[in-house]
Amino acid sequence: MVQGARIAAWQPPIPGLREVLHAHFPDHAYPMHTHDCWTLLIVDEGVVQYDLDRHQHGAMPSQVTLLPPNVPHDGRSMRPEGFRKRVLYLDPALLRAVPGGAREDDLTSTGLAAQETDLTGAAVDNPGLTDPVLRQRIHQLHEVLAWRTEDLEAQSRLLLILERLTKHLRRGQTGRVSATTETGTQGRTGAQGRTGTQGRTGTQGRTGAQGRTGAFGPALVARRDRGVAGQLRELLDARVQPGISLTEAAQVLHSHPTHLVRAFSREYGMPPHLYLTGRRVELARRHLLAGLPAADVAVLAGFYDQSHLTRHFRRMLGVSPARFARAGPESRE
């Protein structure tokens, strides 16, 4: 007999650690969504299949999965019994603040933005990390966090995890090429890179069957407007609770509403309204874990009422806001 979803979610008093989530989903499938933070995931049972930046991946118990901020992804079980996972949601600044995360001469807003983009690119290219030491450290951190009594130990373990994650991301960057050679045959290096014919313009890389141009056609890729899409995302992020109409956004960005929808959907893999809904669910999670009642959370997060919140919350997480709020580390199996 298939049991319902079981979750435990809480906010530990650890700087930069936004949320801890332990979940067992027998049949829940995550719709396409984003997070405004890093998602560090280990699977304890089952296999999770997910699409990240229009590429298909799998998360299994032997791996560590690191999903970057603001990149659309979904998730679903590859097995009928579902999956069990543990997740840490990390502040974006954490992975650029650890030793070796940024050179001293790069500690400017421009340098940090470029660095964050590089880290995101490395994670998109290789979100699944096969590293038994890293996985064991993450498991140990979850064990400590579940007791909620050893904050210093949790902070120490988190720092070691961040250091190792940064090394993985830096290693993923070493094959990056300059703009003058990016379209050549050299491409990225390494087994996971885009070397030779597997470069950006090759026949097996992103232009292949699963690549950007293969999935959407070269004409669509050529018309992608990253500038206005990014500006719209920033606008949505700044207006999560009150929201914004497409007409108003078009006036602010001096663009046609239809073009905004098409540009945003091509760039981020989802329409603006779905992105905003995901942001509101994220905000609702934080308010719920802070102890606010669901009725108040609905208004604070930008939903029309509690039933509106419940509908989208259940669709995103597989449980109601009330059940999510009651779930704490003491309910962990």
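Everything numeric here is computed off the predicted structure, so don't read it as measured data. Excluded from the calculations below are hydrogen atoms, water molecules and symmetry mates; all remaining heavy atoms, backbone and side chain alike, are included.
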- Task: List the steps and the verdict of side-chain contact (heavy atoms from CB on, under 4.5 Å) for Phe25 and Val48.
- Result: CA-CA 11 Å; Phe25 289 121; Val48 180; over 6 Å; no
According to a 4.5 Å side-chain heavy-atom criterion applied to Ile, Leu, Val, Met, Phe, Trp and Tyr, with indirect links allowed, do [X] and [Y] form part of one hydrophobic cluster?
X      : Y      : result
Leu160 : Leu40  : no
Leu236 : Met270 : yes
Met60  : Met78  : yes
Ile42  : Val144 : no
Leu288 : Leu300 : yes

Carboxylate-amine/guanidinium proximity below 4.0 Å for [X] and [Y]:
X      : Y      : value
Asp36  : Arg18  : yes
Arg285 : Glu282 : yes
Asp44  : Lys85  : no
Arg239 : Glu234 : no

Q) Is the number of heavy atoms from other residues, nucleotides or ligands under 6.0 Å of Arg135 CZ greater than 12? A) yes
State whether Tyr275 and Arg280 meet the cation-pi test: NZ (Lys) or CZ (Arg) under 6.0 Å from the six-membered ring centroid, and within 45° of the perpendicular axis.
no
- Item | Whether His33 side chain and Val281 backbone form a donor-acceptor pair below 3.5 Å | no
- prompt: Just by modelled atom types, is the Arg137 backbone N or O under 3.5 Å from a matching donor or acceptor in the His139 side chain?
  reply: no
Task: side-chain hydrogen bond (donor to acceptor under 3.5 Å, both in side chains) assessment of His168 paired with Asp131 - done: CA-CA 10 Å; His168 277 288; Asp131 184 340; 2.7 Å; yes
State, to 0.1 Å, how close [X] and [Y] come at their nearest heavy-atom pair, and which atoms those are.
X      : Y      : answer
Ala23  : Ile7   : CB-CG2, 3.8 Å
Pro321 : Ala294 : CB-CB, 4.4 Å
Ala154 : Leu141 : O-CD1, 3.5 Å
Leu169 : Ala122 : O-CB, 3.5 Å
Leu232 : Pro272 : CD2-CG, 3.9 Å
Gly75  : Tyr50  : CA-CB, 4.1 Å

- Side chains of His22 and Arg84, donor plus acceptor under 3.5 Å: no
Got [X] and [Y] here, is their nearest side-chain heavy-atom distance under 4.5 Å?
X      : Y      : value
Leu90  : Cys37  : no
Leu17  : Asp91  : no
Pro72  : Asp53  : no
Ile244 : Leu235 : yes
Arg148 : Pro12  : no
Arg314 : Val319 : no
Pro127 : Leu66  : no
Ser265 : Val261 : yes

Give, for atom [atom1] of [X] and atom [atom2] of [Y], the distance between the pair rounded to the nearest 0.5 Å.
X      : Y      : atom1 : atom2 : answer
Leu309 : Tyr304 : CG    : OH    : 14.5 Å
Leu145 : Gln11  : CG    : CD    : 13.0 Å
His73  : Met32  : NE2   : CE    : 9.0 Å
Leu41  : Gln63  : CG    : CD    : 10.0 Å
Asp51  : Asp74  : CG    : CG    : 4.5 Å
Arg170 : Leu95  : CZ    : CG    : 9.5 Å

For Glu143 and Arg157, what are the C-alpha separation, side-chain angles and deciding distance, and is it a salt bridge (charged side-chain N to carboxylate O under 4.0 Å, His left out)? CA-CA 11 Å; Glu143 293 292 303; Arg157 290 187 180 278; over 6 Å; no
[Y] and [X] aromatic ring geometry - parallel, tilted or perpendicular at 30°/60° bounds:
X      : Y      : result
His35  : Tyr89  : tilted
His57  : His55  : tilted
Phe264 : Tyr268 : tilted
Tyr30  : Phe83  : tilted

Discussion item. Let's go through Val71 and Leu52 carefully: what are the C-alpha distance in whole Å and the side-chain angles of both, what is the deciding distance for side-chain contact (heavy atoms from CB on, under 4.5 Å) to 0.1 Å, and is it a yes or a no?
Written reply: CA-CA 7 Å; Val71 179; Leu52 177 71; 3.5 Å; yes
So His287 and Asp296, side-chain contact (heavy atoms from CB on, under 4.5 Å) or not? Walk me through it.
-> CA-CA 9 Å; His287 286 316; Asp296 294 343; over 6 Å; no
List the steps, then state whether side-chain contact (heavy atoms from CB on, under 4.5 Å) holds for Asp305 with His308. CA-CA 5 Å; Asp305 55 19; His308 187 205; 3.3 Å; yes
